[in-house]
Amino acid sequence: MAKKYKVDLNQKICKACGICMALCPKGVLGKRHDGKAEVVDEAACIGCQSCSVHCPDFCFVVKEAAADDK
């Protein structure tokens with residue numbers, strides 16, 4: 001069974017730079033009406049940490065989901 005990941009995004013500090021959306025290889029992130037990132041397909045996350053590593057504002061925490069997380 002493939003691992004599942006939880007993507008936590010802090011909207012309060014996101015400045016809508018778009019780096020995370022451009023670098024996500026699985027399309028987990030999309031753009032809100034105000035240009036900020038939002039998680040649109042968490043189930044597709046492969047845990048690569050690309051969003052977390054490249055975000056200049058440290059908006060992301062990506063971790064393996066607990067067994068009871070959906």
Review point. Are Val62 and Val39 co-members of a hydrophobic cluster defined by side-chain heavy atoms under 4.5 Å apart?
Key: yes

Check your understanding: Tell me, do Gln11 and Glu38 make a side-chain contact under 4.5 Å, heavy atoms counted?
Key -> yes

Exercise for review: Output every pair passing salt bridge (charged side-chain N to carboxylate O under 4.0 Å, His left out) with a member in residues 44-54, not counting sequence neighbours, ordered by first then second residue.
Suggested key: none

Study note, to complete from the structure: Minimal heavy-atom distance between Lys36 and Ala16, with the atoms involved, is N-CB, 3.7 Å

Check your understanding: After noting the C-alpha distance and the side-chain angles of Lys63 and Asp8, does the key distance pass the side-chain contact (heavy atoms from CB on, under 4.5 Å) rule?
Key -> CA-CA 8 Å; Lys63 58 187 174 188; Asp8 291 322; 3.9 Å; yes

Practice item. Walk me through it: do Cys20 and Cys55 pass the test side-chain contact (heavy atoms from CB on, under 4.5 Å)? Key: CA-CA 6 Å; Cys20 58; Cys55 179; 5.6 Å; no

Exercise for review: Please report the shortest heavy-atom distance between Leu23 and Ser50, naming the atom on each side.
Suggested key: CB-OG, 3.4 Å

**Study point:** Exercise: identify the closest heavy-atom pair between Glu42 and Tyr5
**Key:** CG-O, 3.5 Å

Check your understanding: Do you know which two heavy atoms are closest between Ser52 and Phe60, and how far apart they sit?
Key -> OG-O, 3.6 Å

Check your understanding: How far does NZ of Lys26 sit from CD1 of Ile46, to the nearest 0.5 angstrom?
Key -> 5.5 Å

Review point. Under the side-chain contact (heavy atoms from CB on, under 4.5 Å) criterion, do Leu29 and Val40 qualify, and how do the steps go?
Key: CA-CA 5 Å; Leu29 306 170; Val40 295; 5.7 Å; no

**Study point:** Rounded distance [0.5 Å steps], SG in Cys45 versus NZ in Lys6
**Key:** 11.0 Å

Check your understanding: Between Leu9 and Ala37, what is the shortest heavy-atom contact and its length?
Key -> CD2-O, 3.1 Å

